[in-house]
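Written out below as structure tokens is the structure these notes cover.
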Protein chains: 2
Amino acid sequence: MDALLNLIRFTTLPARVKFCPLYESAPNPQKTMTLTLEDIARIAGCSRSTVSRVINGDVNVSVSTRQRVKKVITELNFQPNLAARGLASGQTHILGLIIPLGVVSLFTDPFYPQLIQSISSACSQRDYSIMLWLATPEFERRMIHQILFNGLIDGVIVASMSLNDSIIQSLAESKLPFVAVGRNPNDETTCYVDVDNYNGARMAIEYLYKMGRRRIATIAGPSDVIVGVDRLRGYKAALAELGLPYDPSLVVTSDFSDESGYAAMQKLIEYKPDAVFANSDVMAVAAIRALHDAGFSVPEDVAIVGFDDITLAARSTPPLTTIRQPIDLIGAGVVNMLIDLIEHPATAQRSLVLPTELIIRSSCGEDLLKNSE
Amino acid sequence: MDALLNLIRFTTLPARVKFCPLYESAPNPQKTMTLTLEDIARIAGCSRSTVSRVINGDVNVSVSTRQRVKKVITELNFQPNLAARGLASGQTHILGLIIPLGVVSLFTDPFYPQLIQSISSACSQRDYSIMLWLATPEFERRMIHQILFNGLIDGVIVASMSLNDSIIQSLAESKLPFVAVGRNPNDETTCYVDVDNYNGARMAIEYLYKMGRRRIATIAGPSDVIVGVDRLRGYKAALAELGLPYDPSLVVTSDFSDESGYAAMQKLIEYKPDAVFANSDVMAVAAIRALHDAGFSVPEDVAIVGFDDITLAARSTPPLTTIRQPIDLIGAGVVNMLIDLIEHPATAQRSLVLPTELIIRSSCGEDLLKNSE
DNA sequence: CATCCAATTGGGAGCGCTCTCATACTTAGT
DNA sequence: ACTAAGTATGAGAGCGCTCCCAATTGGATG
């Protein structure tokens with residue numbers, strides 16, 4: 001029976017329409033379930049327009065009326081219908097979050113989950129909701145269309161790793177406000193929030209140098225991913241500054257996964273580095289495993305620095321020295337930038353680069369400056 | 001106070017509207033971008049109604065008209081406005097996914113990210129979109145209201161671990177279709193998709209018995225979380241079947257985190273178990289670490305079985321024997337059940353329990369039946 | 001040739017909201 | 001007292017869609 005009620009309410013709404021003209025004066029059971037502005041207006045003794053003004057914070061409402069209306073709204077727990085609002089005003093207070101599941105297997109690395117969480121939390125604070133699309137290649141084009149043109153979304157956040165992503169292109173053509181997580185050097189017009197990968201990498205190499213290492217290798221990211229490119233630039237710049245030679249055999253590219261980190265380290269071993277800067281903590285931990293399996297010890301034989309500072313880093317053996325990304329700030333930054341872009345396009349900030357931080361633990365040897373748990 | 005926050009939420013939407021009246025007759029940039037049914041109808045030489053029929057797959061359209069209209073829609077890349085659709089039909093094709101970030105720190109365990117991914121993928125296949133709410137306690141009540149009463153969502157998926165979740169309660173009162181991930185023994189009416197945790201646990205214990213272990217301990221989940229309860233029941237049942245005594249000192253509860261797994265194992269060591277069944281792979285790996293740190297070896301001294309079969313399991317040292325949860329099937333199951341519930345409430349299935357599978361690796365000693373990489 | 005019954009199609013009302021405009025009611029300035 | 005400029009409110013016209021109902025068509029039938 002209950003299920004039947006559900007049916008009536010959610011499948012065939014028009015049913016209600018039939019009754020309207022006939023039973024207009026009779027108590028309509030449908031209306032008891034879903035309140036409308038008109039209901040509130042009737043109860044508060046004013047018009048729909050006035051209720052709308054109160055809800056939207058219009059100043060031109062007398063104090064007494066405002067209080068009366070607010071009281072009714074609170075008592076009846078009224079929520080304005082978002083679809084109607086979106087239709088009438090063109091704004092839905094919904095942001096799209098697109099995460100292309102392309103190159104990297106996203107969910108083996110805790111970075112993305114944490115990013116999602118921080119974005120979600122920032123949205124809540126600004127009273128927006130988020131729609132999530134994990135864009136698998138096969139559905140990508142179709143999905144993008146739906147998102148861009150269905151008018152349900154005020155703006156989009158794209159957490160794309162790869163450069164020249166087709167999603168970014170479509171977005172750019174669409175006039176829908178959007179912000180990317182990670183800068184795109186080929187495209188100066190898109191708004192972005194990024195982390196200072198270049199200086200993060202430099203910091204890592206300088207620290208390894210300070211700890212006495214001279215043959216510093218790196219497990220780099222893919223070359224079509226901007227974070228990989230920037231971190232490699234930082235690596236090379238630091239070597240140059242420190243007067244160390246750049247040796248291509250000490251650079252192995254990878255795809256951020258545990259497996260590729262392990263394989264990369266195996267390849268590096270024959271070139272006998274005394275330190276390795278890995279592009280992610282997941283790979284750093286895999287590299288430590290590879291070294292152990294090959295009979296080397298960390299940090300005695302090889303020092304390791306990771307990137308990200310995921311929770312795993314503090315718990316590895318030995319605890320991992322790493323470059324921390326401020327994931328919470330990325331989430332907050334990207335959400336705030338997008339909302340500003342939607343609400344005040346003229347004055348909104350269009351890019352933001354967040355600082356990275358060196359977290360010293362034990363994977364590069366003991367250091368009195370150690371600043372972590 | 002909470003209600004006040006609600007009000008604040010809807011404060012300053014306006015903006016765009018100010019421009020409207022002035023440019024009404026001038027070419028309106030908004031309108032050029034957004035096609036409507038009427039536009040398509042004009043171009044295809046028919047009426048709005050007919051276009052609507054074509055879009056919604058109504059059979060009462062002649063073949064020639066249908067083709068003509070479809071052609072125009074494709075050429076102009078027309079997407080019907082979802083807000084208008086939602087308003088007129090009462091259906092938005094949007095599902096809510098609520099993940100309460102309560103008890104457990106969700107994103108240190110890859111289970112939830114994988115679940116999100118599988119749900120997202122199942123939604124795409126059924127042409128639904130998802131809105132994601134990570135429900136932090138402080139925003140929870142307010143959020144729930146918005147979700148339930150804003151009319152933007154056709155149904156809700158709740159991935160709640162804890163029993164007696166207030167979100168489930170609100171949902172139950174709301175008449176909005178919803179499905180829970182994980183059964184709730186206190187509430188027979190809610191629809192759910194669950195995994196056979198009871199028999200999964202039994203399988204684990206029986207396997208340990210078969211491998212010659214007799215003092216089998218368990219790192220259990222929290223007692224207010226159904227998976228913990230079910231797996232503990234399975235553990236006890238298996239002991240009874242196998243004629244092993246139940247020893248409460250061999251049961252330590254935990255919260256699924258790495259830290260609590262490590263601590264639990266430390267506590268268990270003094271009772272000298274020769275096997276441990278951990279309630280999650282994350283904890284199983286932590287337990288192995290705790291054993292190593294205490295000078296024991298796995299599987300020689302203590303055999304370990306985990307639960308989940310996350311990717312980490314195959315890569316641990318030694319590779320972890322574990323009980324696999326079919327996460328993809330959970331996602332697909334929960335999405336399909338919810339959509340069925342929305343579209344055909346009378347005939348929809350209301351519960352689904354998926355089988356678990358024993359994945360034999362090396363953490364319980366060598367076994368000829370080993371069936372994994 | 002009139003009649004009937006589909007099969008198609010168009011028109012209209014309405015979903016619940018926002019926002020302009022017109023109206024009534026103030027308050028102040030001269 | 002009479003206008004000028006607010007302030008507070010209500011009425012109305014949509015937003016772009018769905019769905020009902022009525023109208024039109026083209027056979028098939030009597």
Atom [atom1] of [X] and atom [atom2] of [N]: how far apart are they, to the nearest Å?
{"X": "B:Arg42", "N": "C:dG11", "atom1": "CZ", "atom2": "P", "value": "13 Å"}
{"X": "B:Phe78", "N": "D:dG16", "atom1": "CZ", "atom2": "C1'", "value": "8 Å"}
{"X": "B:Leu37", "N": "C:dG14", "atom1": "CG", "atom2": "P", "value": "19 Å"}
{"X": "B:Leu35", "N": "D:dC15", "atom1": "CG", "atom2": "P", "value": "14 Å"}
{"X": "A:Leu152", "N": "D:dC15", "atom1": "CG", "atom2": "P", "value": "18 Å"}
{"X": "A:Glu38", "N": "D:dG12", "atom1": "CD", "atom2": "P", "value": "12 Å"}
{"X": "A:Arg68", "N": "D:dT9", "atom1": "CZ", "atom2": "P", "value": "8 Å"}
{"X": "A:Leu87", "N": "C:dC19", "atom1": "CG", "atom2": "C1'", "value": "13 Å"}

| Between B:Thr36 and D:dG16, does any side-chain N or O lie under 4.0 Å from OP1 or OP2? | no
Rounding to 0.5 Å, atoms CD1 (B:Ile157) and SG (B:Cys123) come to a distance of 5.5 Å
When rounded to the nearest 0.5 Å, the distance separating CD1 of B:Ile342 from CZ of B:Phe178 is 12.5 Å
Measure all distances between protein nitrogen or oxygen atoms and nitrogen or oxygen atoms of nucleotides 23-27 of chain C, and list the pairs falling under 3.5 Å.
none

Sort and list the pairs that fulfil ring-ring contact (aromatic ring centres under 6.0 Å, His included) and have at least one residue in residues 35-76 of chain B, not counting sequence neighbours.
->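 Sorted pair list comes back empty.
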In short, ring-ring contact (aromatic ring centres under 6.0 Å, His included) pairs touching residues 37-94 of chain B with sequence neighbours left out are B:His93-B:Tyr128
In short, the helix from C:dC1-D:dG30 to C:dT30-D:dA1 is bent end to end, axes from five pairs each side, to 10°, by 60°
Q) For DNA chain D, what residues of residues 48-65 of chain B have any heavy atom nearer than 4.0 Å? A)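 Listed by number, they are B:Arg48, B:Ser49, B:Ser52, B:Arg53, B:Asn56.
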Checking [X] now: which residues fulfil side-chain hydrogen bond (donor to acceptor under 3.5 Å, both in side chains) with it, not counting sequence neighbours?
{"X": "A:Asp328", "answer": "none"}
{"X": "A:Ser47", "answer": "A:Thr50"}
{"X": "A:Tyr192", "answer": "none"}
{"X": "B:Asn184", "answer": "none"}

Minimum-distance nucleotide to B:Ser89 side chain [options: D:dC17, D:dC19, D:dG16]: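 Selected nucleotide (nearest to the side chain): D:dC19.
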task = With sequence neighbours left out, write down each residue that passes side chain to side chain contact (heavy atoms under 4.5 Å, CB included) with B:Thr36, or none if nothing qualifies.
result =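 With neighbours one apart ignored, the set is B:Glu38, B:Asp39.
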B:Leu82 meets the side chain to side chain contact (heavy atoms under 4.5 Å, CB included) criterion, sequence neighbours left out, with A:Asn150, A:Leu152, B:Arg85
Quick note, salt bridge (Lys or Arg N to Asp or Glu O under 4.0 Å) partners involving residues 331-342 of chain A, not counting sequence neighbours, are A:Arg126-A:Asp340
